[in-house]
Amino acid sequence: MASTPWHRDIPAPVLTRPGVAAIKKTESARLILVAQIFYFTFLMLVFIGQQPFASRTQDELVAMAQENNGSDLFKQALFIGFAMLLTGVQLIRRYPPRYRFTLWPLAIMLAWFFITCSWGVDPFVSFKRAMQQLIVIYITFSALSLIGPERLLQALRYALILSLIICWVSLPLTSAAVHPPTESDKALIGAWRGFFFHKNIAGAVMALTFMVAANAWVDTKKWYYALFSVMAFVFVIGTKSKTSLALSFAILGVCAVYRALSDSTQKRAVLLIMVALGMVGVLWLYVAFQPVVERIFADPTSFTGRVSIWEVDLAYLKDHPFLGAGFGGFWQVGDRSPSLDYLNQAFQTLTAHSHNGYLEILVTTGPLGLIMLLLTFLALPAIWFLTGATPQNRPIMVPCFAIWVFVLYQNLLETSFFDKDRQVWVIFLAAIAAAHATYKARPLPQWRRRFLARPEATYG
């Protein structure tokens, strides 16, 4: 009887429909593009605002100051709509998220801000302002999880460049692109502002455009980025914004050094120490030349009388040193605004913030809020930029570093941190989010454990 041959059983191949993977990839690409368009549109609406080229008569400024309580229903509906659109894209997403939120210090700080609303003079106004921050932060990080840091910065770069072009086109077309003779602050008359509300906002946004475009030119060598960077810098000059003009070239030079040191953690550490010492140096100059500095800054026609505004904050902190006035609860909260009891000059009745981001957080959320701010926006990003930069991720980390340094210094003379939906704050959020995502995605060093050879036994 013949033996029966043995055969190896080969599992039948799994039949799949051709093109399923390609279809899923196409759908993912479309969703990413849709989310990027949503975020770009959000940025443009934030940059342009609801009233581009708004007139600025004295009566209108007073009315705007009185109505600045976060009750703009159209803006609230708009932001909630964008948040819902991005949430909808998240629900139908079939690809892994590009980023998972782990920046918990920011979430904890925001929770503390909500707690401080409870003891503000008008808790409802403070709560509305805090809710606006929550929505803006959610939109930024939700967009990041959908499109990733590279596309997030790409959308930001396109929005900045489009804003630059609109501002330049507006100059010959409308007189509203320049501060009018009706300004109560005569130092503003003739300064370029484009479609922005104030020349300092225009100067800061155009300075950031200058740095982003210049870095894009270095990375891509495309001539039009060089042109956009020159256009942005010239516009900064036209705004007569002293802070932005002073920071533009200085920070671009710091970025060039940071780019060159992208493969050396030790050298980057020295650079970051220099950035920190620069901030300390600014404080030292103020202490060493206090009479001269105060005489210059206290003049309402020079630097918007910042020292006299800071004195209002400091006087309130002397009486309330621990908890602050509640988030968004110090300036322009109606007739019960705590600042009204400490004003020392008439022009301060129109002041909407402290003209110092660190002091603003201190006076509204107390020392704990300031400590959280310094941890979240200064200490942690310093670690990301120190250890997370590589030659491969320079196109992302270098412009983020430029925005980060600019805003840190700018907040010594302006208020950008958690400043409603202001342009510089939204740009800063995008840079922080992209830098954190890039830091998390960095290649980690591979550690190899080596075993020492066992010594041979020696016999005597």
Side-chain angles (χ1 to χ4, degrees), residues 46 64-80 82-84 101 103-142 309-310 312-343 348 351-377 411 414-422 424-426 428-429 432:
V46 166
M64 292 179 65
Q66 293 174 345
E67 296 171 1
N68 185 23
N69 61 359
S71 298
D72 190 331
L73 296 178
F74 177 79
K75 183 183 292 185
Q76 292 174 5
L78 190 67
F79 284 7
I80 292 173
F82 273 105
M84 292 177 65
F101 183 85
L103 189 52
W104 298 116
L106 176 58
I108 295 171
M109 178 166 53
L110 196 58
W112 170 248
F113 289 172
F114 274 99
I115 293 173
T116 65
C117 294
S118 61
W119 56 74
V121 293
D122 192 334
F124 187 52
V125 170
S126 296
F127 178 77
K128 286 188 292 185
R129 291 174 175 175
M131 277 300 300
Q132 192 174 32
Q133 292 304 314
L134 176 62
I135 295 173
V136 170
I137 292 171
Y138 174 79
I139 290 174
T140 302
F141 282 90
S142 180
I309 295 173
W310 298 340
V312 175
D313 289 342
L314 295 174
Y316 178 84
L317 287 169
K318 185 177 180 180
D319 295 336
H320 308 82
F322 301 113
L323 296 178
F327 180 79
F330 187 69
W331 301 95
Q332 305 299 341
V333 198
D335 295 336
R336 294 186 294 167
S337 298
S339 60
L340 295 178
D341 296 330
Y342 297 88
L343 300 185
Q348 294 169 353
T351 301
H353 54 79
S354 304
H355 283 281
N356 182 299
Y358 307 96
L359 191 56
E360 177 75 13
I361 294 298
L362 178 61
V363 78
T364 55
T365 64
L368 183 58
L370 179 61
I371 292 172
M372 291 181 180
L373 177 81
L374 296 177
L375 172 66
T376 306
F377 290 153
N411 271 277
E414 296 289 349
T415 298
S416 300
F417 297 134
F418 296 97
D419 187 16
K420 307 177 186 65
D421 59 328
R422 294 297 173 85
V424 175
W425 165 239
V426 174
F428 180 72
L429 263 182
I432 288 294

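The first residue in the sequence is number 1, and the count goes up from there. The basis for the numbers below is simple: all heavy atoms, side chains too, and nothing from hydrogens, waters or symmetry mates. Because the structure is predicted, anything quoted here is derived from the model rather than measured.
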Are the side chains of Ser337 and Val121 in touch, meaning some heavy atoms are under 4.5 Å apart? no
Which pair of heavy atoms, one from Asp419 and one from Gln133, lies closest together, and at what distance? C-NE2, 3.9 Å
For residues 104-120, which side-chain donor-acceptor pairs fall under 3.5 Å, sequence neighbours excluded?
| from | atom 1 | to | atom 2 | distance (Å) |
| --- | --- | --- | --- | --- |
| Trp112 | NE1 | Thr365 | O | 3.0 |
| Thr116 | OG1 | Phe113 | O | 2.6 |
| Thr116 | OG1 | Phe327 | N | 3.1 |
| Ser118 | OG | Ile115 | O | 2.7 |
| Trp119 | NE1 | Gly324 | O | 3.3 |

Where do Thr364 and Gly329 come nearest, in terms of heavy atoms and distance? CG2-N, 4.3 Å
How many angstroms lie between atom CD1 of Ile139 and atom CG of Leu429, to the nearest 0.5 angstrom? 10.5 Å
Are any non-hydrogen side-chain atoms of Leu317 and Leu362 less than 4.5 angstrom apart? yes
Steps toward side-chain contact (heavy atoms from CB on, under 4.5 Å) verdict (Val312, Val363): CA-CA 10 Å; Val312 175; Val363 78; over 6 Å; no
Contact between Val426 and Lys420 at the side-chain level, heavy atoms closer than 4.5 Å - yes or no? no
CG of Leu359 to CG of Asn411: how many Å apart, nearest 0.5 Å? 11.0 Å
Which pairs count as side-chain hydrogen bond (donor to acceptor under 3.5 Å, both in side chains) when at least one residue sits in residues 318-329, sequence neighbours excluded? Asp319-Tyr342
Which distance, rounded to the nearest 0.5 Å, do you find between the CD1 of Ile135 and the CD of Gln132? 7.5 Å
Walk me through whether Leu374 and Ile371 qualify under side-chain contact (heavy atoms from CB on, under 4.5 Å). CA-CA 5 Å; Leu374 296 177; Ile371 292 172; 5.8 Å; no
So Phe417 and Tyr358, would you call those rings parallel, tilted or perpendicular, with 30° and 60° as cut-offs? perpendicular
Distance in Å, Ser142 OG paired with Met84 CE, rounded so as to fall on 0.5 Å steps: 12.5 Å
Would you please test Arg422 and Val136 for side-chain contact (heavy atoms from CB on, under 4.5 Å) and show each step? CA-CA 10 Å; Arg422 294 297 173 85; Val136 170; over 6 Å; no
Would you say Glu360's side chain and Thr415's backbone share a donor-acceptor pair under 3.5 angstrom? no
Contact summary for Asp122 and Val333, nearest pair of heavy atoms: CB-CG1, 3.7 Å
Measure centre to centre between the rings of Phe418 and Phe377, then say whether the value is under 6.0 Å. yes
Which one of Trp310, Trp331, Phe330 satisfies the ring-ring contact (aromatic ring centres under 6.0 Å, His included) criterion with Tyr316? Phe330
Step by step, would you call Lys128 with Gln76 a side-chain contact (heavy atoms from CB on, under 4.5 Å)? CA-CA 9 Å; Lys128 286 188 292 185; Gln76 292 174 5; 4.2 Å; yes
Inter-residue atom distance Leu103.CG - Thr376.OG1, 0.5 Å rounding: 6.5 Å
Supply the atom-to-atom distance Leu373 CG to Leu368 CG, rounded to the nearest 0.5 angstrom. 11.5 Å
